[in-house]
2 protein chains.
Amino acid sequence: MKNRLKVLRAERDWSQQHLADELGVSRQSVNAIETGKYDPSLPLAFRIAALFDMRIEEIFTPDD
Amino acid sequence: MKNRLKVLRAERDWSQQHLADELGVSRQSVNAIETGKYDPSLPLAFRIAALFDMRIEEIFTPDD
DNA sequence: GCCTCGTGTCAAGCAAGCATGACACAATGT
DNA sequence: ACATTGTGTCATGCTTGCTTGACACGAGGC
């Protein structure tokens with residue numbers, strides 16, 4: 001599962017900590033998702049999409 | 001997190017077992033998701049959306 | 001030099017998403 | 001009466017998502 005989180009964050013000049021605060025998760029979770037260590041849960045994916053005002057499919061793409 | 005899985009399945013007259021096979025998960029997982037015991041992972045949500053040819057947001061809605 | 005900020009990463013622990021196997025029960029078919 | 005099918009649920013166990021706390025490192029500012 002790939003994601004455009006790092007780019008979207010860079011476009012807004014946000015730190016991982018700031019994004020984490022907006023999403024209500026830890027900085028380590030944001031970092032782990034960005035670096036591909038694991039995928040977010042579905043509820044968190046919805047929060048991410050809502051924050052960037054995008055659809056989930058515009059941010060995450062299954063890497064198969 | 002609500003979902004329209006039961007309805008979509010009924011529209012196609014599929015059993016939980018058949019849907020589980022299509023998705024590559026167990027019947028119990030399909031049942032647990034339908035009955036709201038837990039939410040699917042993001043990869044599974046993508047597979048579900050692909051199977052029904054819909055967007056994730058058309059099937060799942062955060063219940064906040 | 002030092003300090004701060006942003007990022008990456010590790011460990012330990014808890015919670016949630018899967019698995020398999022089993023059982024109960026209603027509805028239907030033979 | 002018996003077997004089958006679909007659904008709900010339980011127990012147990014493994015893997016993944018997420019937490020807190022900590023440490024290392026590079027880039028910049030003082």
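Just so we're on the same page: letters track the sequence lines, and every chain starts at 1.
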Output one line per pair: protein atom, nucleotide atom from nucleotides 22-26 of chain D, and distance, for all N/O pairs under 3.5 Å.
from, atom 1, to, atom 2, distance (Å)
dA22(D), N6, Arg27(A), NH2, 3.4
dA22(D), N6, Gln28(A), NE2, 3.4

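- Whole-Å rounding puts the Asp21(B) CG to dT5(D) C1' distance at 14 Å.
- Pairs passing the side chain to side chain donor-acceptor pair (under 3.5 Å) check and including a residue from residues 36-52 of chain A, sequence neighbours excluded, do not occur.
- Within the structure, side chain to side chain donor-acceptor pair (under 3.5 Å) contacts touching residues 19-32 of chain A (residues at least two apart or in different chains) are Gln16(A)-Asn31(A), Gln17(A)-Asp21(A), His18(A)-Glu22(A), Ser26(A)-Ser29(A).
- For the pair Leu5(B) CG and dG8(D) P, the interatomic distance rounds to 12 Å; values are reported in whole Å.
- Straight-line distance from the CG atom of Leu23(B) to the P atom of dC18(C): 10 Å, rounded to whole Å.
- Partners of Arg9(A) according to the side-chain hydrogen bond (donor to acceptor under 3.5 Å, both in side chains) rule, which considers only residues two or more places apart in sequence or in another chain, are Glu34(A).
- Scored by the ring pair (Phe, Tyr, Trp, His ring centres under 6.0 Å) test, Phe46(A) finds no partners at all (sequence neighbours excluded).
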Show me the protein contacts with nucleotides 12-14 of chain C, counting only N or O atoms at under 3.5 Å.
none

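- At whole-Å resolution of the value, NZ in Lys37(A) and P in dT19(D) are 15 Å apart.
- Nucleic acid contact class of Ser29(B) (heavy atoms, under 4.0 Å, all strands): sugar-phosphate only.
- Listed by residue number, Tyr38(B), Asp39(B), Pro40(B), Ser41(B), Leu44(B) are the residues of residues 38-57 of chain B with a heavy-atom contact under 4.0 Å to DNA chain C.
- A close approach under 4.0 Å does not occur between any side-chain nitrogen or oxygen of Asn31(B) and OP1 or OP2 of dT7(D).
- For dT20(D), neither phosphate oxygen OP1 nor OP2 lies less than 4.0 angstrom from any side-chain nitrogen or oxygen of Ser26(A).
- Smallest separation of non-hydrogen atoms from Pro40(B) and Leu42(A): O-CB, 3.5 Å.
- Proximity of residues 6-17 of chain A to DNA chain C (heavy atom under 4.0 angstrom from any strand atom) is restricted to Lys6(A), Arg9(A), Ser15(A), Gln16(A).
- Regarding Met1(B), its CE atom lies at a distance of 13 Å from the C1' atom of dA16(C), rounded to whole Å.
- Between Leu5(B) and Leu19(B), the closest side-chain pair of non-hydrogen atoms falls below 4.5 Å.
- Taking a 6.0 Å sphere around CG of Asp63(A), one finds it holds more than 12 heavy atoms contributed by other residues, nucleotides or ligands.
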Residues 49-61 of chain A side chain polar contacts: donor-acceptor under 3.5 Å, at least two apart:
from, atom 1, to, atom 2, distance (Å)
Glu57(A), OE2, Ile56(B), N, 2.8
Glu58(A), OE1, Arg55(A), N, 2.8

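- Using a 4.5 Å heavy-atom threshold, the side chains of Val25(B) and Ile33(B) count as separate.
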